[in-house]
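Scroll down for the structure; my scribbles are underneath it.
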Amino acid sequence: MLDIKALRADPEAVAAQLKKKGYELDVATFSSLEERRKAIQIDTEQLQQSRNSVSKQIGAAMKAGDKDKAAELKAQTATLGDDLNAAKDQLNEVQGAMESLLEGIPNIPHASVPAGKSEDDNVEIRRWGEPKSFEFTAKDHVDLGEALEMLDFEAAVKVTGSRFAVMHSDLARLHRALTQFMINTHVDEHGYSEVYVPYLVNAHSLKGTGQLPKFEEDLFKVPVDKESGNNDLYLIPTAEVPVTNLVRDEILGDINLHKKFVAHTPCFRSEAGSYGRDTRGMIRQHQFEKVELVHVCRPDRSEDVLEELVGHAEVILQKLELPYRTVILCGGDLGFSAHKTYDIEVWLPGQEKYREISSCSNMADFQSRRMQARWRNPETGRPELAHTLNGSGLAVGRTLVAILENYQNADGSITVPEALLPYMGGKTVLAKA
RNA sequence: GGAGGGGUGGCAGAGCGGUUUAAUGCACCAGUCUUGAAAACUGGCGUAGGUUAAUAGCCUACCGAGAGUUCGAAUCUCUCCUCCUCCGCCA
């Protein structure tokens, strides 16, 4: 959510910044709504004030035993109640309208975000590693995994449906090894605090991180009370939701506020609207594992923290010796809540393309404002909004895809990356039994 | 799943229809005293919104959440959430 005070002060300036994101802010609607809100709120509060004052006088009269005076004062309030209720209704309506308007406005992009409409306009920042040249025709992970009889999409269709996967034996172990390797690296070498969180969350949390109310169709909903639908839960689309919401409604006291969490969770996405995209293989699934990094920091640090965060994610690919490039997202490709985002794209020989494997974003105060995540600034002594950031470190399923395709051998076997050997119980190669 | 009891400021804890402007204690901050500290004493000490040049005043709201009764609700009623105790079931 944007700062309504900034919007009031200069809506045109905010609109100009949002334009970079391809979002047209309706300044006229905002301004007229704001004018109504102001008038109605002042009116309502004045009515409340007079009611409070009369009630107090009635109380005093009752106490003094002056029943006539009390009755007389009561008579005065005859229409006050109705007027007040009417005013309150109006106020609720206009405030509700203002809130939904605000909730629908995306975050403002950082000054360093390049202009552009789509992912084609993202700007490459750096490359690491050289795409390996094979002396044979490189296969994609589906052909490799199925030939090894370790990856089975048909079984997943039978058990559940499309966009799910079943993994067997050494491949399942490699998948698990990746998760352990990533978490250990972030905890032992990057100083993250490991956290285990629920995979089902309430609507309040999703509102805090910005998935609701706008993107409900991307989520899997789990009905709890079928009749009222009031307390329905949602499967998390990313650990960002439960982890970032740990600081919701908190005022953190740390003098140099900086929390770093790492969490491994499955992620569930309905992928509504992506029919036909990446239908082959494990690239786009309804369920996938992800190791997520979340930072909560003081506002003046978030720019630097974003650079640290991207670096931590990149280390995983470097240790796995997987070639990648890092891009900064252009305004048009930036997510709803993001202030600035770097994507890390890993080289996939099967597609001969760099594909997204991590997305690291500074949300600035956009999420904090929604969820009232604050810290006490020792310089002012007052609670101020913290900044939140998150990034994949990394998407486990896609990393597995990258390993299959980059570490494939001519006979269809897969060499285990050196960094994962300690987790593989002596296995050095994935080969057909 | 059944029975009962709770949710009040950073914490503990009173209040159970009307000067509540939420007592009191602890913690915290400032001051007095002191060479310094402690103790003692004095004062301060919530959050959000509105208005405003203002982080000055003033106003409004907030006692788990929402709705209701009332001139007036922390206090009464209803619904929900949540915690605790006991019983049952259970990885």
Side-chain angles (χ1 to χ4, degrees), chain A residues 1-10 30-31 33-99 101-103 196 198-208 222-234 245-255 257 299 365 368-386:
Chain A
M1 206 151 67
L2 293 183
D3 184 359
I4 193 169
K5 286 179 180 165
L7 261 166
R8 280 181 195 141
D10 194 349
F30 171 79
S31 299
L33 196 58
E34 168 61 10
E35 242 171 75
R36 268 189 67 208
R37 186 228 98 226
K38 193 165 173 168
I40 294 169
Q41 183 163 354
I42 291 173
D43 191 41
T44 307
E45 290 187 359
Q46 273 171 356
L47 283 170
Q48 280 175 321
Q49 193 184 343
S50 50
R51 183 207 60 188
N52 288 349
S53 137
V54 174
S55 292
K56 209 159 266 183
Q57 288 175 51
I58 293 172
M62 300 277 279
K63 197 127 204 166
D66 191 345
K67 283 188 179 169
D68 293 344
K69 193 181 177 190
E72 189 185 318
L73 286 162
K74 262 193 199 181
Q76 276 182 34
T77 65
T79 59
L80 199 58
D82 290 343
D83 290 350
L84 183 56
N85 281 338
K88 274 185 180 168
D89 287 347
Q90 269 195 314
L91 184 62
N92 281 337
E93 186 210 313
V94 74
Q95 281 182 333
M98 182 58 94
E99 209 181 310
L101 181 74
L102 279 176
E103 278 173 350
Y196 172 86
Y199 303 156
L200 285 164
V201 292
N202 55 36
H204 202 149
S205 291
L206 286 156
K207 209 168 161 184
V222 180
V224 172
D225 181 345
K226 278 174 187 144
E227 279 172 27
S228 73
N230 278 342
N231 305 304
D232 287 349
L233 298 175
Y234 297 82
N245 272 283
L246 291 173
V247 296
R248 166 152 55 85
D249 294 325
E250 297 287 335
I251 299 175
L252 305 160
D254 327 24
I255 288 184
L257 170 70
D365 61 10
S368 323
R369 186 169 293 108
R370 288 177 165 236
M371 59 186 171
Q372 286 301 303
R374 293 173 294 171
W375 71 299
R376 198 170 288 279
N377 185 342
E379 283 153 35
T380 62
R382 303 188 147 269
E384 296 176 11
L385 292 173

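Residue numbers start from 1 in every chain, and the chains themselves are labelled A, B, ... in the order their sequence lines are given, proteins ahead of strands.
Spacing of C1' atoms, rG13(B) relative to rC86(B), comes out at 26 Å, to the nearest Å. On the P atoms, rG72(B) is 32 Å away from rC11(B), given to the nearest whole Å. rC16(B) sits 14 Å from rA74(B) when the P atoms are compared, rounded to a whole Å. Rounded to whole Å, the C1' atom of rC62(B) lies 13 Å from the corresponding atom of rA73(B). The separation of rG66(B) from rG7(B), taken at their C1' atoms, amounts to 16 Å, rounded to a whole angstrom. Distance check on atom P: rC26(B) versus rU77(B) gives 35 Å, rounded to whole Å. If you take atom P in rC80(B) and the same atom in rC89(B), they sit 27 Å apart, rounded to whole Å. rC45(B) sits 13 Å from rA56(B) when the P atoms are compared, rounded to a whole Å.
With a 4.5 Å cut-off on side-chain heavy atoms, V201(A) and L233(A) do not count as touching. Counting heavy atoms from C-beta on, the side chains of E103(A) and R370(A) come closer than 4.5 Å.
In this view, T44(A) satisfies the side chain to side chain donor-acceptor pair (under 3.5 Å) rule with no residue, not counting sequence neighbours. Residues passing the side-chain contact (heavy atoms from CB on, under 4.5 Å) test with D83(A), sequence neighbours excluded: L47(A), T79(A). Judged as a side-chain contact (heavy atoms from CB on, under 4.5 Å), and not counting sequence neighbours, E72(A) has no contacts. Scanning for side-chain contact (heavy atoms from CB on, under 4.5 Å) contacts around E93(A) gives R36(A), with sequence neighbours left out. For the side-chain contact (heavy atoms from CB on, under 4.5 Å) test, no residue two or more places apart in sequence or in another chain qualifies with D82(A). Take R248(A) and apply the side chain to side chain donor-acceptor pair (under 3.5 Å) test, not counting sequence neighbours, and it matches S205(A), N245(A). For N377(A), the side chain to side chain donor-acceptor pair (under 3.5 Å) partners are E384(A), not counting sequence neighbours. The side chain to side chain donor-acceptor pair (under 3.5 Å) check on E45(A) picks up Q41(A), with sequence neighbours excluded.
Heavy-atom minimum distance, A386(A) versus L257(A): CB-CD2, 3.8 Å.
Between the P atom of rU69(B) and the CG atom of L84(A) lies a distance of 13 Å, rounded to the nearest Å. For M371(A) and rA48(B), the CE to P distance is 16 Å, given to the nearest whole Å. If you measure from atom CZ of R376(A) to atom P of rC28(B), you get 15 Å, rounded to the nearest angstrom. Between D82(A) atom CG and rC71(B) atom C1' the separation is 12 Å, expressed in whole Å. Put simply, CD1 on I251(A) is 7 Å from P on rG10(B), counting in whole angstrom units. The nearest whole Å value for the distance from the NE2 atom in H204(A) to the C1' atom in rG66(B) is 14 Å. When the C1' atom of rU47(B) is taken as reference, atom CD of E384(A) falls 15 Å away, rounded to whole Å. In this entry the distance linking CG of D249(A) with C1' of rG10(B) reads 16 Å, nearest Å.
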>> Generate the contact string for nucleotides 14-23 of chain B. Rules: B means base contact, S means sugar-phosphate contact only, - means no protein heavy atom under 4.0 Å.
In response: ----B--S--

> With the sugar-phosphate defined as primed atoms, P, OP1 and OP2, and the base as all remaining atoms, what B/S/- string results for nucleotides 49-59 of chain B, 5' to 3', for protein heavy atoms under 4.0 Å?
Replying inline: BSSS------B

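Only one option out of I251(A), V247(A), D249(A) pairs with R374(A) in a side chain to side chain contact (heavy atoms under 4.5 Å, CB included); it is I251(A).
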>> Apply salt bridge (charged side-chain N to carboxylate O under 4.0 Å, His left out) to residues E34(A) and R37(A) and explain how you reach the verdict.
In response: CA-CA 5 Å; E34(A) 168 61 10; R37(A) 186 228 98 226; 2.5 Å; yes

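In RNA chain B, the stems built from three or more successive Watson-Crick or G-U pairs (distances below 3.5 Å) are B:1-7 with B:81-87, B:10-12 with B:24-26, B:28-32 with B:40-44, B:46-51 with B:57-62, B:64-68 with B:76-80.
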What are the atom names and distances for every N/O pair under 3.5 Å that joins the protein to nucleotides 7-9 of chain B?
none

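Contact annotation: R374(A) reaches the phosphate of rA48(B) (side-chain N/O to OP1 or OP2, under 4.0 Å).
Listed nucleotides rU60(B), rA48(B), rC71(B) differ in distance to Q48(A); the shortest reach to its side chain belongs to rU60(B).
How far CG of L385(A) is from CE of M371(A): 10.0 Å, rounded to the nearest 0.5 Å. Taking CD of Q95(A) as the start and CE of M98(A) as the end, the distance is 9.5 Å to the nearest 0.5 Å.
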